[in-house]
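Counting starts at 1 for both ligands and their atoms, following the listed order. Sequence positions, counted from 1, serve as the residue numbers for this chain.
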Amino acid sequence: MCGIFGYLGNNQHAGALILDGLKALEYRGYDSWGVAIKKADGTVFIEKHTGKIGNASLPVFQSHIGIGHTRWATHGGVTNKNAHPHVDCSKKIAIVHNGIVENFKPLKSHLIQKKHIFTSETDSEVIAHLIEEIHTTEPDLVKVMQRLRSKIHGMNAIIAFFPEYESFYIIKNGSPIVVGVGNKEFFIASDTSAIIPHTKRIYFLEDEEMLELTKSGIRLYNNTGMKKKISYSTITYSAESAQKGSYDHFMLKEISEQPQILKNIIDTKKREIIQAAQIIKKAYGTYLIGCGTASYACLAGTYLFSKIAHRHINFAISSEFSYLVDFLKDSSLVFALSQSGETIDTISSVKKAKEKNAKLLSLTNSRGSTLYRMSDYNLLLHAGPEKAVASTKAYTAKIAFLYLIAHKIAKTYSLGEKNLTKAIDEVTEIIFHKSKIQSLSSKIKDHQSIFILGRGVSYAAALESALKIKEVSYIHAEGFAAGELKHGVIALIEKDTPVILFNPEDETYDDTLSAAHEVKARGAHVIGVSSRNDDVYDTYIEVKNCGDATIIPNVVIAQLLGYYLSLSKGHDPDKPRNLAKSVTVK
Ligand code: F6R
């Protein structure tokens, strides 16, 4: 969601740097883009476009400062005028913004009364005019930005660019923003992936803070305008790990990385897993929360903790958890799962839980992310950068952590490791023979709907699998608890409707097999995913029994199916329509 990239330094090709920075952020999702760059002759070049950057280039001119933005529309349609940067009436202030100015309507009316002329339908444009208005009576830009902050409601990251003074002022509340510091040069970005090719020295701006970047240096202020010391973080992953390499798509690359990531969890994460198990054991009630794919990992977690560790762990999707916090206590534990660590629904519900003094354990893929910094205890997935919008490797890594934590609590850790190792072997096999899944995709690609059924932890797998298929192929896919079939869903089954059944040889096996017969009797094309073949299956995909870790290879099958369905429909699996990788607005 909205990408921001800014540059200030000695490089005289700021335009090209900014464009490259925006391209590195494309994976976040956007529908228009724009730049504001100060040219060497002192004029400011502003250009905005709808659609993707693609092979666009900017006119060649010398410049060493500027800012760019990729917009994911919220307020106002996808038009050139609504694209950022937005400027004030004097055109001396250019702003880019990620988030929502919740009170933009009264602010805009007030500014219109003050004779400001608006040119877009966005909430963001009020920021430029408000800065201009405050600046008429307040010359000190630090104070201007402080006053701006006090007038704006909502979760936002704002960069104000003053070409005349060659300076940037950055404030944030909720939405992420990072600054990279190189050799006498600064890079501003919405996340580290765009900065990492230039420098590994990063500052993650905190809420209530303000950064001032000028030719003479970088200064950090607290919310009262007092200067603060900056403690930089060092990014550990390489720029290459965020590239596609020899793969056609990030999605396939990330699916293929899973065996190595899961192995790494077994080999290197035992200490953290033991700590997490202790934290959960001590807590008076644990609540697993996440959004989308992360939420389905949480749901799987409730089954795994119940069955393996005999422990009841609550589950809620983050956007609903805010309405469930009333019963939290200081001894409660919120266990938040998020690949990015920046998902606003998760962050805002966690804030509510923290107001109740609940403790926060997070499992993220992003050291230094907002969720990471808010947490009392951190677990890191170490899955490497996930650039495809559809989450794959972060999901299986989350499951591996939850699975091993449950085994740790149950004092059956070696069994957990053994089953997870079997699951890794199965995932490796599935990826090696992925052409089988590709053939299945060509058989079912023209169907309007695909149904996926499972019981127990396989129900959670069914939900995640359906999400994967629908988000990249745009085919209607629904996951259901197999037991719910006869309570309504079966009405949707027609001749040849593809129905995938996750049927591991566990306590759900016989009942799920009955569901297979029920849909078969209504003419469905029954696709059985199991360690045991049965006549009822029209298509059989073998997945050997890996105990409860079988959920991992099962979901990998759906990841590949989604990928190939997407290709067969002519879509780009890495950048599905309407979706953003990092959902930083409500
Ligand atoms: C689906 C997907 C999303 C994310 C969700 C949460 O493939 O990627 O559903 O899982 O937006 O994102 P994180 O894990 O970053 O909090």
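Between Thr346 and ligand 1, a contact under 3.5 Å exists for no N or O pair.
In terms of protein heavy-atom proximity, atom 11 (O) of ligand 1 is closest to Val583 CG2, 4.0 Å. Of the protein's heavy atoms, Thr343 OG1, 3.4 Å lies nearest to atom 12 (O) of ligand 1. Shortest contact from atom 3 (C) of ligand 1 to any protein heavy atom: Thr293 N, 4.0 Å. Among all protein heavy atoms, the one lying closest to atom 5 (C) of ligand 1 is Cys291 O, 3.4 Å.
For Glu342, no heavy-atom contact with ligand 1 is shorter than 4.0 Å. For Val389, every heavy-atom contact with ligand 1 shorter than 4.0 Å involves the backbone, none the side chain.
The aromatic ring centroids of Phe315 and Phe305 lie 6.0 Å or more from each other.
Of all atoms in ligand 1, listed by their number and element, those nearer than 4.0 Å to a heavy atom of Lys398 are 14 (O). Set against the non-hydrogen atoms of Glu471, the atoms of ligand 1 under 4.0 Å away are 1 (C), 7 (O). Close contacts between ligand 1 and Lys468 involve ligand atoms 1 (C), 7 (O) [criterion: under 4.0 Å to a heavy atom]. Residue contact check: Ala294 has heavy atoms under 4.0 Å from atoms 10 (O), 14 (O) of ligand 1. In the vicinity of Gln339, heavy-atom distances shorter than 4.0 Å reach the ligand 1 atoms 13 (P), 14 (O), 15 (O), 16 (O). Interface atoms of ligand 1 facing Gly292, defined by a heavy-atom separation under 4.0 Å, are 9 (O). Of all the atoms in ligand 1, the ones that sit under 4.0 Å from a non-hydrogen atom of Ser340 are 13 (P), 15 (O), 16 (O).
The pair Lys52-Asp572 fails the salt-bridge criterion, with no side-chain N (NZ, NE, NH1 or NH2) lying under 4.0 Å from an Asp/Glu carboxylate O. Contact check on Glu257 versus Lys253 returns a salt bridge, with a Lys/Arg side-chain nitrogen under 4.0 Å from an Asp/Glu carboxylate oxygen.
Residue Asp267 forms a salt bridge (Lys or Arg N to Asp or Glu O under 4.0 Å) with just one option from Lys263, Arg271, Lys270, and that option is Lys263.
Donor-acceptor pairing under 3.5 Å is recorded for the side chains of Ser193 and Asp191. Using modelled atom types and a 3.5 Å distance limit, the side chains of Tyr563 and Gln559 yield no donor-acceptor pair.
Between the side chain of Asn98 and the backbone N or O of Gly3 there is no donor-acceptor pair closer than 3.5 Å.
Take His433 and apply the ring-ring contact (aromatic ring centres under 6.0 Å, His included) test, not counting sequence neighbours, and it matches no residue. Phe335 is linked by a ring-ring contact (aromatic ring centres under 6.0 Å, His included) to nothing, counting only residues two or more places apart in sequence or in another chain.
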